[in-house]
Amino acid sequence: MHASRQDKVRIGVIGLGNMGLSHCRQIHINKKVPGLELGAVCDISEERREWARNHLTDVPAYGNAAEMYKSGLIDAVLIAAPHYDHPPLAVEAFANGLHVLVEKPAGVYTKQVLEMNAAAEKSGKVFAMMYNQRTNPVYQKVRELIHSGDLGGLKRAVWIVTDWYRSQAYHDSGSWRSTWAGEGGGTLINQNPHNLDLFQWILGMPKKLRSFVSYGKYYDIEVEDDVTAYMEFANGASGVYITSTGELPGTNRLEISGDMGKIVVENNTITFYRNRISEREHNRTNTNPFGRVENWKCEVPLGKGGGEGHVGIMKNFTNAILHGEKLLAPGEEGICGLLISNAIHYSSWTDTLVDLERFDHDHFYELLQEKIASSTVKKSMVHQVVDISGTH
Ligand SMILES: NC(=O)c1ccc[n+]([C@@H]2O[C@H](COP(=O)([O-])OP(=O)(O)OC[C@H]3O[C@@H](n4cnc5c(N)ncnc54)[C@H](O)[C@@H]3O)[C@@H](O)[C@H]2O)c1
């Protein structure tokens, strides 16, 4: 192995749009990730490559990922191109012996993500997802409270995620946005991958799901902008997931109910309404027809800082390559949130209750192809970069 490869990772960034540029700045200009160097960049747009030549000193800009993969200038790749391209670009990267960090979502449909996961496993390379919200101490703590058993058996989880407001100007800001052909969905595939990942990361995967979805309810778009999904978990607990890009000011409130009380997450605080004894235990022993359990309202302390976000994931990815650090967001887990997302679409398209363990990946793919065939906007149209400051 070359000596320089032992103490640093040379990464290539694919896609110099809103997100890719931000990653390049953090790595190359702000030097926020120790051990990570920008070895090359890649974008199909000449205008984007020109920007790179002017702003990213000494970093070669490629117009084609395959050429960058074979350049010998990189050990790893960060894929920040539009969603459909994530799995094929990752599969090719693994074939070229590169480590891979994929932007969310893992892909648009589970069939292609299963292929990506198989290629990752075969390669033995480090494979991670840019699930930057997993670095948020709020969600880390909620997860700990569920996994440690502090909340007891799960009864219900309701997440209202209607604070992803996006106006028509946003949907019109890139030709691939908010179309079946360009993006493969609406808010489920664009804004919600973080939340759907956190939902399953905290609570586990639901077994069954039934959804009610509106397409173009608030905007002139062909994809969904309003979603309500009902879910069932293995232990019989139920879940409701509500999201929309059409509400202002919107809400972000996660409420989880268990035998030991309820946890409410809102405005970056966690409130644990803690039962003194388990409700199930109380029910077994109580003889008073209106007997209740003493309940304590606890504000759960979180410590300082808001988590390192994208930089935190890049640090973790780099340390996994250099020192074998455990990944916070392993790449193979990208399929979990996407499966929920696909199942929500599928339930609405087929008007059925969907069994996630027996999900028909092929049929979903076929139905998606029909949507793409009737899509009004084509992927090849002009691309425009918008300011994403303030995105989560
Ligand atoms: N983790 C997060 O918080 C977060 C936030 C925003 C976007 N994203 C994700 O990042 C990805 C990109 O989003 P964006 O907002 O930056 O999009 P964007 O449209 O601003 O940029 C995409 C760039 O990719 C280039 N491109 C397209 N196909 C390519 C290919 N095959 N090879 C090389 N370059 C290609 C385009 O020319 C464009 O410059 C999306 O998948 C999105 O979901 C993640």
Side-chain angles (χ1 to χ4, degrees), residues 104-105 108-110 133 139 142 154-168 170-171 178-180 183-258 262-267 336-357 359-360 363-364 367-368 371 392:
K104 60 83 191 153
V108 173
Y109 49 96
T110 50
Q133 292 207 17
Y139 296 118
V142 176
L154 181 68
K155 290 183 173 175
R156 185 189 312 281
V158 180
W159 202 352
I160 303 172
V161 193
T162 52
D163 62 341
W164 284 119
Y165 181 73
R166 294 288 185 273
S167 67
Q168 187 72 43
Y170 172 85
H171 298 294
S178 312
T179 63
W180 294 115
E183 194 160 13
T187 188
L188 286 170
I189 212 78
N190 189 315
Q191 290 82 28
N192 278 271
H194 290 302
N195 308 84
L196 291 173
D197 172 59
L198 292 172
F199 193 83
Q200 67 81 30
W201 192 55
I202 292 167
L203 301 160
M205 284 294 282
K207 297 278 172 209
K208 293 189 174 153
L209 179 158
R210 178 70 175 92
S211 73
F212 302 90
V213 181
S214 298
Y215 301 88
K217 183 179 189 177
Y218 296 109
Y219 308 109
D220 182 16
I221 53 175
E222 57 194 23
V223 293
E224 78 283 353
D225 53 11
D226 191 69
V227 172
T228 302
Y230 166 80
M231 307 173 193
E232 288 171 11
F233 291 89
N235 73 342
S238 55
V240 177
Y241 188 89
I242 297 166
T243 190
S244 173
T245 50
E247 292 178 33
L248 268 180
T251 297
N252 190 328
R253 179 182 163 98
L254 172 60
E255 184 165 322
I256 308 171
S257 172
K262 68 174 178 181
I263 290 172
V264 180
V265 186
E266 194 165 16
N267 300 323
C336 301
L338 183 68
L339 177 55
I340 300 175
S341 168
N342 281 186
I344 292 174
H345 274 137
Y346 191 77
S347 172
S348 133
W349 295 343
T350 58
D351 206 3
T352 55
L353 179 74
V354 178
D355 183 339
L356 277 79
E357 286 177 346
F359 189 64
D360 193 336
H363 192 216
F364 177 86
L367 295 181
L368 179 62
K371 301 278 176 201
H392 300 228

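We use all heavy atoms of the structure for the numbers below, so side chains are in, but hydrogens, waters and symmetry mates are not.
In this structure, the side chain to side chain donor-acceptor pair (under 3.5 Å) partners of K155, at least two apart in sequence or on a different chain, are E279. Annotation: ring pair (Phe, Tyr, Trp, His ring centres under 6.0 Å) contacts of Y346 (sequence neighbours excluded): F359, H363. For S238, the side chain to side chain donor-acceptor pair (under 3.5 Å) test picks out R156, with sequence neighbours left out. Every residue two or more places apart in sequence or in another chain that forms a side chain to side chain contact (heavy atoms under 4.5 Å, CB included) with P206 is listed here: M231, F233, I340, L356. Residues satisfying the side chain to side chain contact (heavy atoms under 4.5 Å, CB included) criterion with V161, sequence neighbours excluded, are W159, D163, W164, N192, N195, Y241, T243, N252. Taking Y165 as the reference, nothing meets the side chain to side chain donor-acceptor pair (under 3.5 Å) condition, with sequence neighbours excluded. Every side chain to side chain donor-acceptor pair (under 3.5 Å) that S348 has, sequence neighbours left out, goes to Y215. The salt bridge (charged side-chain N to carboxylate O under 4.0 Å, His left out) test applied to D360 returns no partner, not counting sequence neighbours. In this view, R253 and T251, E255, V264, E266 satisfy the side chain to side chain contact (heavy atoms under 4.5 Å, CB included) rule, not counting sequence neighbours.
Checked by atom type and distance alone, the side chain of S347 pairs as donor or acceptor with a backbone atom of S211 at under 3.5 Å.
Between V223 and E183, every side-chain heavy-atom pair lies at or beyond the 4.5 Å cut-off. Side chains of V213 and V227 form a contact here, defined as non-hydrogen atoms less than 4.5 Å apart. In this structure the side chain of L188 never reaches within 4.5 angstrom of the side chain of N342, judged on heavy atoms. Inter-residue side-chain proximity for I189 and S341 is flagged as met; some heavy-atom pair is nearer than 4.5 Å. In this structure the side chain of T245 never reaches within 4.5 angstrom of the side chain of N190, judged on heavy atoms.
Put simply, OG1 on T110 and CG on L338 are 6.0 Å apart, with the number rounded to the nearest 0.5 Å. Distance check: C336 SG to W201 CH2 gives 12.5 Å after rounding to the nearest 0.5 Å. Rounded to the nearest 0.5 Å, atoms CD1 (I242) and OG1 (T228) are 5.0 Å apart. One distance of note links CZ of F212 with CD of E224; it measures 15.5 Å at 0.5 Å rounding. Atom CG of residue L367 and atom OH of residue Y109 lie 13.5 Å apart, to the nearest 0.5 angstrom. Remark: L353 CG to E232 CD distance equals 6.5 Å, nearest 0.5 Å.
D220 CG: 12 or fewer foreign heavy atoms inside a 6.0 Å radius.
Note: H171 and Y219 have tilted aromatic rings, judged against thresholds of 30 and 60 degrees for the angle between ring planes.
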message: Let's go through I202 and I256 carefully: what are the C-alpha distance in whole Å and the side-chain angles of both, what is the deciding distance for side-chain contact (heavy atoms from CB on, under 4.5 Å) to 0.1 Å, and is it a yes or a no?
response: CA-CA 10 Å; I202 292 167; I256 308 171; 4.2 Å; yes
task: Test W349 against L368 for side-chain contact (heavy atoms from CB on, under 4.5 Å), laying out the working first.
output: CA-CA 10 Å; W349 295 343; L368 179 62; 4.2 Å; yes
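Scanning both residues, I221 and S178, for their nearest heavy atoms gives CG2-CB, 3.6 Å. The minimum heavy-atom distance linking V265 with Y139 is given by the pair CG1-CE2, 4.5 Å.
Residue pairs meeting the salt bridge (charged side-chain N to carboxylate O under 4.0 Å, His left out) criterion with at least one member in residues 193-217, sequence neighbours excluded: R134-D197, K207-E357, R210-D351, K217-D226.
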